[in-house]
K.L.:
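Below is the structure I would like to discuss, written out as structure tokens.
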Amino acid sequence: MTDGARSATPPGLTPREVATHCPYCALQCGMTLREGDTGVTVHPRQFPTNRGGLCQKGWTAAELLDHPDRLTTPLVRDPGTDTLRPASWDTALDRVVAGIRAVQADAGRDAVAVFGGGGLTNEKAYALGKFARIGLRTRHIDYNGRFCMSSAAAAGMRAFGIDRGLPFPLADLGRADTLLLVGANPAETMPPLVRWLTEQRGNGGKLIVVDPRVTATARQADLHLQPLPGTDLAVANALLHIALTEGWVDRAYVAERTTGFDAVRRGVAAWWPARAEQLSGVPVADLEATARALGTGGRVIILTARGAEQHAKGVDTVTAYVNLALALGLPGRDGSGYGCLTGQGNGQGGREHGQKADQLPGYRKIDDPAAREHVAGVWGVPADELPGPGVPAYQLLDALGTPGGPRALLVFGSNPVVSAPRAARIEGRLRDLGLLVVADMLLSETAALADVVLPTAQWAEEDGTMTNLEGRVLRRRALRPPPPGVRTDLAIIADLAARLAVAEEPTAQPAGTAPANAGPVGAVPANGRPAAVAAARFPAAPATVFAELRRASAGGAADYAGISWDRIDENDGVYWPCPTDDGPDTPRLFVDRFATPDGRARFHPVDHRPAAEQVCATYPLHFTTGRVLAQYQSGTQTRRVAALRRAAPEAFVELHPDLAARLGIDDGDPVRVTSRRGEFRAPARLSAGIRPDTVFAPFHYAGAERANSVTNDAVDPISGMPEFKICAVRVEKA
């Protein structure tokens, strides 16, 4: 059977039963969905990543399919009452198209922007990037994955020449002699992964966790380093300093497989353990024990996650741990290496095929002439018609509605009103837009502000592919069609493209006098695109889109050319890069060479620098954010599931008992957390597992409990990652 005509149900399953994957995190646990008289039920299945396990979120995922809050008809804002009211699809899409045309006619093509999501399938991420660049012809597209993986991605690209979260299979974790987790709490963010940690310790391995809090993961560790938020880079440099002093650096590996080590060696010479202890609070003895375990451990893996990456120096912090891994000779060695734990369900694939501001499909750079020629050839347009790079997510959101910034925004699969840093400011920017369009299955906090809301299909109602944290491309399969009145994102994109491409009489300036990026989408007759042509270029069938994605990615860093749906079905997924139909895939990278021109990995000297915002008399405490077991991302979905809401019904502010005593706060008291940017309120939760100079809150909640009202919008100069994980606050009883 070809990719163009496939059944959603693999052999051995009835039409009312389908093998698929969880809609939440990047572990992408295998599950079976069954539809019966009482509704859809979830059953775990044996799959290499989760081995039959599911977390509470996975078990309850099907409850949203028939949820009473489900959107089943488009909504448009009534200008008279300023409220959303039901509308037909024609009315809603006509309003979107008219708004886009008006904005672009007045302010140019870049006045319309697109904001995507790390939960979209590969097909949807690809189609969205293509739609922005040849449907809207705007340079302004980015996505919420910028807030997740961008620092680790940038560090991986500059060190290894390629960005794949785990460049080795997840099973390697279970056989590591030493496993270092930096800023990661998988016991709450992806619980089935803990099976590998349990296996690792059962095999006699040592687990070391670096985290400012005693998390559920840290409680399982053999050694827990508890640094001040924002000092992970200093800790990494101190560990490399010790490794050099003790002779644990793999000199042969460094000489044969890397470049730039001398500059790093000179830089870390100043990071003696006592200096790192003074800055971070991690005792010298713990630094030495960690370095010894890494330097003498045999099979050694270093993993980073958002705790180390969501900083204005996140790229340099990850680079420091990559430097450590390279110095120890880990990447490419069987059972060893460096990796990062991807967060969102398609956080890996979502950044590979065109949602990022500077990228084209296959992880190609948009300013690379050869990349532009290849992708433009697949899309059937001249390469010079493709726009140039846009700006990263926060800069894009912060420019909305400002002079020279985008005046219209289309949002797919994201809720920036809750998830963006300095969220009240971004909410204000969204309100300043002339047109806000949101495609979602539920009325998120962002959708509630929209001029047009388009109801979309859920994960169990559409086919497609996802790429998990290992770079393993998986099949998501539809159990049933969407409810009447609901369309898939691909169908919405195809319909918008067709409507925008309807030939019009020229309304712009005469040929040769109009700005290159001005005029409405259909106003240039030289390259006007009839609706039928546009529909063919933006198919709604996922298999057709994936076939085109394969051609567009061919030859790129993330090469999917040899990955077919049949091959995925036969092999429990396929690891990219996989350039040929009959050639091998790549579960393990860097065995023989790195993805750099000379095949060598690059060391980069990096040094600690303070957080963008320091504590002071007015704001004397460090604030950091994170997740809880029962909630996910901005909570749009999980806050509506009864069992998850009972488990984690509200936000909280975690304080050390000594700090609470000084502030006159008891457990459960309502407290107010205030920064220079705003405030939020939630009950106090006292815990001896957090540093006395630091407070913590989960970021899943909205309204008065929105933790991102206070977070810092300073960004990493390389990745554009905002500094979610540290800012200065004060705390008081509300």
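Numbers for residues simply follow the sequence, beginning at 1. FYI, side chains are in, hydrogens and waters are out, and symmetry mates aren't considered; it's all heavy atoms of this structure.
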K.L.:
Could you name each residue pair satisfying side chain to side chain donor-acceptor pair (under 3.5 Å) that touches residues 370-381, not counting sequence neighbours?
P.N.:
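Residue pairs with at least one partner in residues 370-381: Tyr126-Trp379.
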K.L.:
Between Phe590 and Phe160 (judged by ring centroids, cut-off 6.0 Å), do the two rings come close enough to count as a pair?
P.N.:
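Yes, the ring of Phe590 comes within the 6.0 Å limit of the ring of Phe160, centre to centre.
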K.L.:
Kindly say whether the aromatic ring centers of Tyr363 and His353 come within a distance under 6.0 Å.
P.N.:
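Between His353 and Tyr363, which both carry aromatic rings, the centre distance is not below 6.0 Å.
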K.L.:
For Ala159, does its backbone N or O pair with a side-chain atom of His604 as donor and acceptor, under 3.5 Å?
P.N.:
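No.
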K.L.:
Name all residues meeting the side chain to side chain contact (heavy atoms under 4.5 Å, CB included) criterion together with Arg600; count only those two or more places apart in sequence or in a different chain, and write none if there are none.
P.N.:
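Testing Arg600 for side chain to side chain contact (heavy atoms under 4.5 Å, CB included), a comparison that skips the adjacent residues, returns Thr259, Asp598, Arg602.
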K.L.:
Do the side chain of Arg407 and the main chain of Ile100 share a donor and acceptor less than 3.5 angstrom apart?
P.N.:
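A pair under 3.5 Å: no.
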K.L.:
Decide, yes or no, whether a salt bridge links Arg567 with Glu570 under the criterion of side-chain N to carboxylate O below 4.0 Å.
P.N.:
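No, this pair does not count.
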K.L.:
Can you tell me how far apart OG1 (Thr446) and CG (Leu436) are? Round to the nearest 0.5 Å.
P.N.:
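Atom-to-atom, Thr446:OG1 and Leu436:CG are 7.5 Å apart.
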K.L.:
Measuring from atom OH of Tyr560 to atom CG of Asp585, what distance do you get when rounded to the nearest 0.5 angstrom?
P.N.:
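Going from the OH atom of Tyr560 to the CG atom of Asp585 covers 12.0 Å.
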K.L.:
Looking at Tyr143, is Lys356 sitting on its ring face, NZ or CZ under 6.0 Å from the six-membered ring centre and within 45 degrees of the normal?
P.N.:
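No, Lys356 does not sit over the ring of Tyr143.
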K.L.:
From Arg158 CZ over to Thr596 OG1, what is the distance, rounded to the nearest 0.5 angstrom?
P.N.:
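Rounded to the nearest 0.5 Å, the CZ-OG1 separation comes to 15.0 Å.
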K.L.:
Can you tell me if Arg139 uses its side chain to pair, donor with acceptor, with the backbone of Pro389 under 3.5 Å?
P.N.:
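Yes: the side chain of Arg139 pairs with the backbone of Pro389.
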K.L.:
Could you tell me the separation between the CZ atom of Arg77 and the CG atom of Leu435, rounded to the nearest 0.5 Å?
P.N.:
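Rounded to the nearest 0.5 Å, the CZ-CG separation comes to 11.5 Å.
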K.L.:
Can you check whether Gly118's main-chain N or O pairs, donor with acceptor, with Asn346's side chain at less than 3.5 Å?
P.N.:
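Not confirmed, Asn346 side chain does not pair with Gly118 backbone.
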K.L.:
Taking side chain to side chain donor-acceptor pair (under 3.5 Å) as the criterion, tell me which of Asn144, Thr636, Asp440 meets it with Asn415.
P.N.:
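Exactly one candidate clears the test, Thr636.
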K.L.:
Would you check if the side chain of Arg164 reaches a backbone N or O of Glu470 as a donor-acceptor pair within less than 3.5 Å?
P.N.:
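Confirmed, Arg164 side chain pairs with Glu470 backbone.
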K.L.:
Under the rule for salt bridge (charged side-chain N to carboxylate O under 4.0 Å, His left out), what residues qualify as partners of Asp572, not counting sequence neighbours?
P.N.:
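Testing Asp572 for salt bridge (charged side-chain N to carboxylate O under 4.0 Å, His left out), a comparison that skips the adjacent residues, returns none.
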K.L.:
Do Arg306 side-chain atoms and Cys148 backbone N/O form a donor-acceptor pair below 3.5 Å?
P.N.:
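Yes, the answer is positive, given that a donor and an acceptor are paired below the 3.5 Å cut-off.
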K.L.:
Before we go on, tell me: are the rings of Phe147 and Phe724 under 6.0 Å apart, centre to centre?
P.N.:
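Yes, ring centres under 6.0 Å apart.
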